[in-house]
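Worksheet for the structure shown next.
For the numbers below, each heavy atom of this structure counts, side chains included, while hydrogens, waters and symmetry mates do not.
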Amino acid sequence: MEKLAIHGGPPVRTKPWVSKYMGSEALGAEEKARVLQVLEKKRIFRYLPDGLETSEAAALEEEYKRFVGTDYALAVNSGTSALICALIAVGVGPGHEVIIPAYTWVATAAAVAVVGAVPVLAEVDSSLTLDPQDLEAKITSRTKAVIVVHMRGISAAMDEILAVAQKHNLMVIEDVAQANGGTYRGRPLGSLGHVGCFSLQQSKVIAAGEGGMLVTNSEELWQRAVLYHDGAGYQFRFLERKIPAFPGQNYRLTELQAALSLGQLEKMPDLVRATRENKRKLVERLRNQEKIELSPVFGTERDLGVSLIFYVADEEKARLTAQALTAEGIPAFQVWDRRARDQHIYVNWEFLMAKRDPWGRSYPWSLAEGSSVDYSPETCPQTLALLSRAVQIHLNHLVTEEDLRDIEAAINKVAFHLL
């Protein structure tokens with residue numbers, strides 16, 4: 001076999017790799033027309049008292065309710081805002097603990113701390129999602145909720161997680177930011193827990209640059225989220241308010257962002273179908289490559305297909321493999337590179353590791369007298385061990401059969417020489 005490109009050999013691929021984005025790559029004439037229509041209406045704030053029935057944000061909420069199959073939806077200005085509103089909705093606050101996976105975007109941990117609760121880290125398994133056994137092991141008398149993150153397009157083991165949550169009377173929040181359009185046993189992600197949270201940020205399956213969505217089947221939880229996201233305002237939102245008023249924030253979505261997102265859910269099935277099929281083909285081809293390891297859930301219904309992740313023997317080989325694949329023309333990276341500051345990895349969440357609030361003190365941890373919650377690089381060793389030997393390649397609906405062949409050839413070439 002020819003020499004590796006990093007050793008002077010010819011690379012497998014010389015043309016650029018496909019864009020790492022999905023929804024934003026599909027933006028076109030429909031989105032442009034919707035945005036221009038908002039500008040022509042000169043109504044860019046959804047809560048003006050006149051014309052509420054023609055709100056773009058309200059229309060987007062209706063789209064999400066139909067798509068996810070829930071009774072209620074609330075458009076907000078980011079996925080982080082959706083998480084914060086969800087935590088408030090389910091009653092999380094000072095003195096509570098919320099279990100989160102040790103592998104997720106930092107906003108998951110930050111949202112918990114922002115509402116005055118203490119984040120508790122739990123391990124992920126080879127699917128890169130929450131380990132149900134460690135979830136149960138981390139439950140204490142203070143635990144109020146769990147945030148289940150469907151990471152890298154992989155749905156978590158919801159049957160097992162929901163069983164644990166029911167046993168211990170926990171509220172379940174689904175973070176679907178990285179798996180919008182995914183399913184678990186045929187059910188849309190976001191519809192299985194008490195509340196589902198989505199992101200419309202640039203790198204997500206559908207995108208408005210920034211934005212988010214919260215869905216639920218509970219009118220009470222929805223009303224609590226609505227109150228909180230609108231600074232306690234409700235005069236234009238409820239026919240009948242059924243909960244007491246309380247103070248909130250401003251997490252409203254603009255009409256322009258909503259218009260940009262409208263209609264993208266109609267495109268999502270085709271985007272998802274293409275990414276799933278690409279991943280299925282790739283996993284099938286790589287199953288015979290004995291020098292790499294694939295999780296049993298990769299390439300299944302639980303896998304949205306937005307990335308290829310595989311495991312090698314150790315951290316050093318993962319680093320070299322990522323470098324070699326990139327040199328072969330297939331951009332790849334080691335999921336946990338200890339020299340990087342990737343904010344998906346808990347050891348890089350500086351505020352959490354130091355238990356530090358914005359004022360240089362230690363809220364909310366200072367409220368938890370007698371709590372044993374602590375953080376160190378040793379908090380979730382299973383997670384770090386997995387991520388350190390994991391290599392990732394971005395995929396999407398734009399990947400072609402030629403691209404798949406290039407990935408397979410590059411991995412086989414690198415495996416022959418390095419693994």
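Using a distance-only test at 3.5 Å, with no hydrogens or angles considered, no donor-acceptor pair links the side chain of Gln201 to the main chain of Gly79. When atom types are taken as modelled, the side chain of His194 and the backbone of Val172 share a donor-acceptor pair closer than 3.5 angstrom. Side-chain N or O atoms of His96 include one that pairs as donor or acceptor with a backbone N or O of Gly93 at under 3.5 Å. For Glu31 (side chain) and Gly28 (main-chain N/O), a donor-acceptor pair under 3.5 Å exists by modelled atom type. In this structure, the side chain of Trp17 engages the main chain of His394 through a donor-acceptor pair within 3.5 Å. Not one N or O on the side chain of Gln289 forms a donor-acceptor pair closer than 3.5 Å with the backbone of Asn412. No donor-acceptor pair under 3.5 Å is formed between the side chain of Arg252 and the backbone N or O of Val76. Looking at Tyr184, its side chain does come within 3.5 Å of a backbone N or O of Asp159 through a donor-acceptor pair. The backbone N or O of Trp336 lies less than 3.5 Å from no partner atom in the side chain of Ser388, so there is not a single donor-acceptor pair.
Residue Glu277 holds its CD atom at 9.0 Å from CG of Leu404, rounded to the nearest 0.5 Å. The line from CE of Met158 to CG of Leu192 is 5.0 Å long, rounded to the nearest 0.5 Å. Going from atom CD1 of Ile393 over to atom CG of Asp403 covers 11.5 Å, rounded to the nearest 0.5 Å. Glu97 CD to Ile139 CD1: the interatomic distance, rounded to the nearest 0.5 Å, is 10.5 Å. Taken from OG1 in Thr254 to CD1 in Ile44, the straight-line distance is 7.5 Å, to the nearest 0.5 Å. Here the straight-line distance linking atom CZ of Arg389 with atom CD1 of Ile292 works out to 12.0 Å at 0.5 Å rounding.
One side chain, Asp131 or Gln382, offers a donor N or O that lies under 3.5 Å from an acceptor on the other. Residues Glu123 and Thr383 bring a donor and an acceptor atom of their side chains to less than 3.5 Å of each other. At a cut-off of 3.5 Å, with distance as the only test, no side-chain donor of Ser261 or Gln264 sits close to an acceptor on the other residue. Between the side chains of His150 and Glu174, a donor-acceptor pair is found at a separation under 3.5 Å.
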Start with the C-alpha gap between Thr216 and Ser218, add the side-chain angles, then the distance that decides, and say whether side-chain hydrogen bond (donor to acceptor under 3.5 Å, both in side chains) holds.
CA-CA 5 Å; Thr216 182; Ser218 166; 4.9 Å; no

May I have the step-by-step check of side-chain hydrogen bond (donor to acceptor under 3.5 Å, both in side chains) for Thr54 and Arg46, ending in yes or no?
CA-CA 9 Å; Thr54 61; Arg46 78 176 290 186; over 6 Å; no

Between Asp175 and Thr108, does the side-chain hydrogen bond (donor to acceptor under 3.5 Å, both in side chains) criterion hold? Intermediate values first, please.
CA-CA 8 Å; Asp175 182 340; Thr108 310; 3.3 Å; yes

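Just one residue in the list Glu255, Arg43, Glu61 forms a side chain to side chain donor-acceptor pair (under 3.5 Å) with Ser55, and that residue is Glu255.
Across every non-hydrogen atom of Leu304 and Gln178, the tightest pair is CD2-O, 4.3 Å. Nearest heavy-atom pair, Asn180 versus Ser199, reported as atom, atom and distance to 0.1 Å: ND2-O, 4.4 Å.
Taking the centre and axis of the six-membered ring of Phe198, the NZ or CZ atom of Lys204 falls outside the cone set by 45° and 6.0 Å.
A perpendicular orientation is assigned to the rings of Trp365 and Tyr375, their planes being inclined by more than 60° (bins at 30° and 60°).
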